[in-house]
Visitor: 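One structure follows; several queries about it will come next.
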Amino acid sequence: MPELVQTVARFGLLVLLWLFVFAAARTVTKDLFAQRRPAAAGGPPAGPVSAPPAPGGGGRQRPAQTAQWLVVTTGELAGRRFVLSGQTITIGRAPDSTIVIRDDFASNRHARVAPVDGQWMVEDMGSTNGTYLGRARVTRPTPVPLGVPIRIGRSSFELRA
């Protein structure tokens, strides 16, 4: 009987080892294929990000505050400000991202911040470790209020007026 138990334990260990190998291979291929994914229409701008035009307003009503800046609050780029120009901003480790962050917890194509119908939306692009808005994980395009942190790995970003 002990020989049977020993044989079953060996096969069990072998199965667990192969499951680990397949999980590691899946993670590596997912990251590699993310590099080859073509940029979406309306992708990152070719040049520097510029300021949007000032909102028109000939009345007494004060226009609602709109985001003018994407500010890095923590991480390697802390203190940097990026002007929002109405174009999509991609964040990740890939060199063609609008904001390149060197962070082991960020994916090559980690997240996208884009204007949709007059408000800024954050979308996770299939990252391994996820994108967080405040304390909630982003699972679909989500509106970003001013001052609420977007966390990607060790970096945090905020929209500011």
Side-chain angles (χ1 to χ4, degrees), residues 22-161:
F22 285 130
R26 181 175 176 253
T27 301
V28 168
T29 55
K30 183 179 176 183
D31 203 31
L32 287 175
F33 286 128
Q35 287 181 345
R36 295 186 185 144
R37 188 175 10 186
V49 184
S50 59
R60 295 192 113 164
Q61 286 185 325
R62 185 176 174 204
Q65 277 191 324
T66 58
Q68 302 291 318
W69 301 93
L70 180 64
V71 179
V72 184
T73 55
T74 62
E76 174 191 9
L77 300 174
R80 296 268 322 261
R81 297 175 0 151
F82 298 88
V83 179
L84 299 174
S85 65
Q87 294 183 328
T88 299
I89 295 174
T90 56
I91 305 169
R93 289 189 337 229
D96 62 340
S97 296
T98 310
I99 301 174
V100 178
I101 53 176
R102 293 181 298 186
D103 186 340
D104 293 336
F105 296 103
S107 298
N108 284 317
R109 308 243 184 311
H110 197 100
R112 160 177 40 225
V113 179
V116 176
D117 296 330
Q119 64 181 2
W120 288 91
M121 306 284 273
V122 64
E123 178 182 6
D124 185 82
M125 297 173 65
S127 67
T128 305
N129 293 319
T131 302
Y132 292 84
L133 180 61
R135 292 179 180 247
R137 187 169 182 154
V138 175
T139 57
R140 57 186 173 80
T142 307
V144 182
L146 290 175
V148 175
I150 301 167
R151 189 168 44 88
I152 296 173
R154 293 184 183 116
S155 299
S156 293
F157 307 83
E158 288 182 11
L159 293 180
R160 295 200 180 150

Visitor: How close do G134 and V148 get, heavy atom to heavy atom, and via which atoms?
Guide: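 That closest heavy-atom pairing would be N-CG1, 3.7 Å.
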
Visitor: Just verifying a value: how many Å separate T90 OG1 and I99 CD1, rounded to the nearest 0.5 Å?
Guide: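 Between T90 OG1 and I99 CD1, I get 8.0 Å after rounding to 0.5 Å.
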
Visitor: Write down the atom of G92, the atom of S97, and the distance for their closest heavy-atom approach.
Guide: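 Looking at all heavy atoms of both residues, the shortest contact is N-OG, 3.7 Å.
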
Visitor: Which heavy atom of G75 sits nearest to which heavy atom of S155, and what is that distance?
Guide: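 That would be CA-OG, 3.9 Å.
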
Visitor: Please list all pairs meeting salt bridge (charged side-chain N to carboxylate O under 4.0 Å, His left out) that have one or both residues in residues 66-90, counting only residues at least two apart or in different chains.
Guide: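 Sorted result for residues 66-90: E76-R102.
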
Visitor: Enumerate the residue pairs fulfilling salt bridge (charged side-chain N to carboxylate O under 4.0 Å, His left out) with a member in residues 141-161, sequence neighbours excluded, ordered by first and then second residue.
Guide: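 Checked against salt bridge (charged side-chain N to carboxylate O under 4.0 Å, His left out) - neighbours excluded - the pairs reaching residues 141-161 are D103-R154, E158-R160.
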
Visitor: Distance from F157 atom CZ to T131 atom OG1, nearest 0.5 Å?
Guide: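 Reported to 0.5 Å precision, the distance equals 9.5 Å.
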
Visitor: Within this structure, what is the CG-OG1 distance for the pair L84 and T66, rounded to the nearest 0.5 Å?
Guide: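 Between L84 CG and T66 OG1, I get 9.0 Å after rounding to 0.5 Å.
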
Visitor: Heavy-atom distance under 4.5 Å between the side chains of W69 and L159, does that happen here?
Guide: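 Counting from C-beta outward, W69 and L159 never come under 4.5 Å.
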
Visitor: Drop me the distance from D124's CG to I150's CD1, to the nearest 0.5 angstrom.
Guide: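 D124 atom CG to I150 atom CD1 measures 11.5 Å (nearest 0.5 Å).
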
Visitor: Applying side chain to side chain contact (heavy atoms under 4.5 Å, CB included), can you list everything that pairs with V116, at least two apart in sequence or on another chain?
Guide: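 So V116 forms a side chain to side chain contact (heavy atoms under 4.5 Å, CB included) with M121.
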
Visitor: Measure across I101 and I152 and return the closest heavy-atom pair with its distance rounded to 0.1 Å.
Guide: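 Closest approach of I101 to I152: CD1-CG2, 3.8 Å.
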
Visitor: Examine distances only and state if a side-chain atom of T142 and a backbone atom of R140 form a donor-acceptor pair shorter than 3.5 Å.
Guide: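 The answer is yes, because a donor-acceptor pair under 3.5 Å joins these two groups.
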
Visitor: Could you grab the distance from atom CG of L70 to atom OG1 of T98, nearest 0.5 Å is fine?
Guide: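 It is 10.0 Å, given to the nearest 0.5 Å.
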
Visitor: How close do W120 and P115 get, counting heavy atoms only, and between which atoms?
Guide: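 Result for this residue pair: CZ3-CD, 3.3 Å.
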
Visitor: Sub-3.5 Å donor-acceptor pair from the side chain of H110 to the main-chain atoms of G126, do we have one?
Guide: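 Side chain of H110 to backbone of G126: no pair is present.
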
Visitor: As an exercise, state the distance from CZ of R112 to CE of M125, rounded to the nearest 0.5 Å.
Guide: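 Answer rounded to 0.5 Å: 4.0 Å.
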
Visitor: For the backbone of T74 and the side chain of S156, can you confirm whether one donor and one acceptor N or O come within less than 3.5 Å of each other?
Guide: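 No; zero donor-acceptor contacts below 3.5 Å.
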
Visitor: Identify the two heavy atoms, one from L146 and one from A161, that lie closest to each other, and give their separation to 0.1 Å.
Guide: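 For L146 versus A161, the nearest heavy atoms are CD2-N, 4.0 Å.
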
